[in-house]
Amino acid sequence: MKKLSKTFRQSLAAAALLIVAAGVQTKVAAQDDKTILGAGSSFVNPLFSKMFYDYNQKFGIQVNYQSIGSGGGIKALTDKTVDFGASDAPLNAEQATKIAVPVLHIPQASGAVVITYNLPGVTASLKFTPDVIADIFLGKITQWSDARIAGINKGVTIPSLPILIAHRSDGSGTTAIFTNYLDKVSPDWHTKVGTGGAVNWPAGVGGKGNEGVAGLVKQTPGGIGYVELIYALNNKMEFGQIKNKKGKFITPSIASVTAAGNVTLPADSKIFITDTDAADGYPISGFTWVIIYQEQNYNSRSAERANQLLKLIWWNIHDGQQYTAALFYAPLSPAAVKVAEKILKSATYNGKAILK
């Protein structure tokens, strides 16, 4: 399992301390155009921590980002208590109706949702097929000794333990990616559960954020859950190989996520890339977006504040991409960057384009 360098870990820790110490102080920050407020996705939080720390060091702009889950970020944007939300799923119809005005989705990177587990004595990377994953999370496969798990992991001694499922308790883009995948590969899941950032789980216990699910699995022998790749790596947890549509067992990696994301983005960038057709693509991959209001003159916001927000996002999709690989996210392709640029250039202040 690949490890992060000590230097990079220290940099991430410093970034996290900076963001936590700053906190979200809406009333104060709203009057401070050198402080940008964001909230949402825990999936992208490790990347944002590094990006925003570096941006602050270079440009003196403080970014207070709260890792509260995609659903929380969308609500905060709806309530206009942040400058941007972050989500690993596009707004659904209900969310868009609540916001009631045009918003922009600007892709930031793509990443892998991995199946992580806690099986004492098992150091091999277990293999999972789509039907087995679905039936585990449906509560139909309840023991690690189940013949279907053993059948695809010949030669691996798996302890006889009950399967204990950890899932997200909050509105989550990671959940949206994972359930979008299950909805595509399992008719039973499609009928009984469906897809979305929050679903009625047939089994298991909930944890808040990727951090919460990783913590539950790590402390529970027999535990299984789904988290963004970096959370499994940071917690030194095992994660599985997933059989993709072409019949290959794929390890989540930058290369396999990049292969899954090698698609033509639509003009609005809103797309799910789960269950990819790519032969070497990891099947539970997804984009993550920053979401902002298209018209930036609201709540007495200054033109300068809008300008600083767009400069930050522009930097993220250009210079900020240098930090993706070290944190096991796939950078935006040149074609995806062009789509993101065009979307960002459509943001306005008093109806006039902010970026020229």
Side-chain angles (χ1 to χ4, degrees), residues 24 26 29-41 44 47-48 51-52 55-56 58-66 70 72-93 95-110 173 264-271 287-321 331-356:
V24 174
T26 306
Q31 300 170 19
D32 175 12
D33 291 337
K34 290 189 177 296
T35 301
I36 302 297
L37 300 179
S41 167
V44 77
L47 178 60
F48 275 180
M51 281 181 168
F52 296 156
Y55 195 80
N56 175 257
K58 285 182 167 65
F59 304 107
I61 301 297
Q62 178 76 49
V63 185
N64 294 350
Y65 182 74
Q66 298 298 298
S70 297
I74 291 168
K75 185 180 186 305
L77 185 68
T78 305
D79 294 341
K80 299 183 172 68
T81 58
V82 293
D83 297 292
F84 69 89
S87 177
D88 318 311
L91 265 64
N92 60 34
Q95 291 165 337
T97 298
K98 285 182 179 178
I99 286 186
V101 295
V103 295
L104 305 176
H105 293 65
I106 304 100
Q108 303 294 293
S110 54
T264 301
L265 263 66
D268 62 6
S269 86
K270 296 187 284 187
I271 188 173
F287 282 103
T288 186
W289 292 267
V290 156
I291 304 175
I292 63 173
Y293 286 98
Q294 182 171 24
E295 172 53 55
Q296 283 287 301
N297 186 6
Y298 61 92
N299 275 17
S300 302
R301 291 163 60 82
S302 68
E304 175 60 19
R305 189 174 188 82
N307 188 50
Q308 290 294 353
L309 174 63
L310 265 65
K311 281 183 177 179
L312 168 70
I313 302 171
W314 186 271
W315 185 89
N316 279 7
I317 65 175
H318 293 95
D319 292 8
Q321 294 293 298
L332 297 174
S333 68
V337 170
K338 288 184 179 180
V339 171
E341 287 177 346
K342 188 171 182 180
I343 293 169
L344 204 50
K345 286 178 179 178
S346 71
T348 59
Y349 190 89
N350 285 340
K352 296 181 180 179
I354 298 169
L355 294 177
K356 307 301 181 184

Asks: Can you confirm whether Leu344 sits close enough to Ile354 that some side-chain heavy atom of one is under 4.5 Å from a side-chain heavy atom of the other?
Replies: no
Asks: Given 3.5 Å as the limit, does a donor-acceptor pair link the side chain of Asp83 with the main chain of Leu37, or not?
Replies: yes
Asks: Heavy atoms, side chains only, cut-off 4.5 Å: are Tyr293 and Leu309 in contact?
Replies: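 Tyr293 vs Leu309: side chains apart.
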Asks: Taking atom types as modelled, find out whether Asp33 and Gln308 have a side-chain donor-acceptor pair closer than 3.5 angstrom.
Replies: no
Asks: Which class fits the ring pair Tyr65 and Phe84: parallel under 30°, tilted 30 to 60°, perpendicular over 60°?
Replies: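 The arrangement is parallel - the two ring planes meet at less than 30°.
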Asks: Give me the atom names and distance for the closest heavy-atom approach of Ala267 to Val339.
Replies: O-CG1, 3.9 Å
Asks: For a quick test of reading the model, state the closest non-hydrogen atom pair linking Leu332 to Ala109 and the distance between them.
Replies: CD2-N, 3.7 Å
Asks: Quick one: does Trp289's side chain get under 4.5 Å of Leu104's, heavy atoms only?
Replies: no
Asks: For the residue pair Lys58 and Asp319, establish whether any side-chain heavy-atom pair is separated by less than 4.5 Å.
Replies: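 Side chain of Lys58 against side chain of Asp319, heavy atoms only: no contact under 4.5 Å found.
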Asks: To the nearest 0.5 Å, what is the distance between CD1 (Ile99) and CG (Leu91)?
Replies: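 So the gap between those two atoms works out to 4.5 Å.
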Asks: Give a yes or no on whether the backbone of Asn350 and the side-chain of Glu295 come within a donor-acceptor separation of less than 3.5 Å.
Replies: yes
Asks: Would you check if the side chain of Ser70 reaches a backbone N or O of Asp88 as a donor-acceptor pair within less than 3.5 Å?
Replies: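 Pair found, side chain donor or acceptor close to backbone of Asp88.
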Asks: At what distance, to the nearest 0.5 angstrom, does NZ of Lys270 lie from CG of Leu265?
Replies: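 Lys270 atom NZ to Leu265 atom CG measures 12.5 Å (nearest 0.5 Å).
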Asks: Identify the heavy atoms of Ala353 and Thr348 that sit nearest to each other, and give their distance.
Replies: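 Distance-wise, the nearest heavy atoms are N-CG2, 4.1 Å.
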Asks: Given side chains that start at C-beta, do those of Lys34 and Phe59 come closer than 4.5 Å, heavy atoms only?
Replies: no
Asks: Quick one: CD1 on Ile313 to CE on Met51, what's the gap to the nearest 0.5 Å?
Replies: 11.5 Å
Asks: Which value, rounded to the nearest 0.5 Å, describes the distance between Ile74 atom CD1 and Asn92 atom CG?
Replies: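 It is 7.0 Å, given to the nearest 0.5 Å.
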Asks: Rounded to the nearest 0.5 Å, how far does CD of Gln321 lie from CD of Gln108?
Replies: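 One finds 7.5 Å between CD of Gln108 and CD of Gln321.
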Asks: Is there a side-chain contact between Gln294 and Ser346, using heavy atoms and a 4.5 Å cut-off?
Replies: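 A side-chain contact exists here, since the closest heavy-atom pair is under 4.5 Å.
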Asks: Going by heavy atoms in the side chains, are His105 and Ile343 under 4.5 Å from each other?
Replies: no
Asks: Counting N and O atoms only, with roles assigned by atom type, does the side chain of Ser41 sit under 3.5 Å from a partner on the main chain of Ala86, one being a donor and the other an acceptor?
Replies: no
Asks: When you compare the side chain of Tyr349 with that of Arg305, does any pair of heavy atoms fall below 4.5 Å?
Replies: no
Asks: Let me confirm one number: the CG-CG distance from Leu310 to Leu355, rounded to the nearest 0.5 Å.
Replies: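 Going from CG on Leu310 over to CG on Leu355, the span is 4.5 Å.
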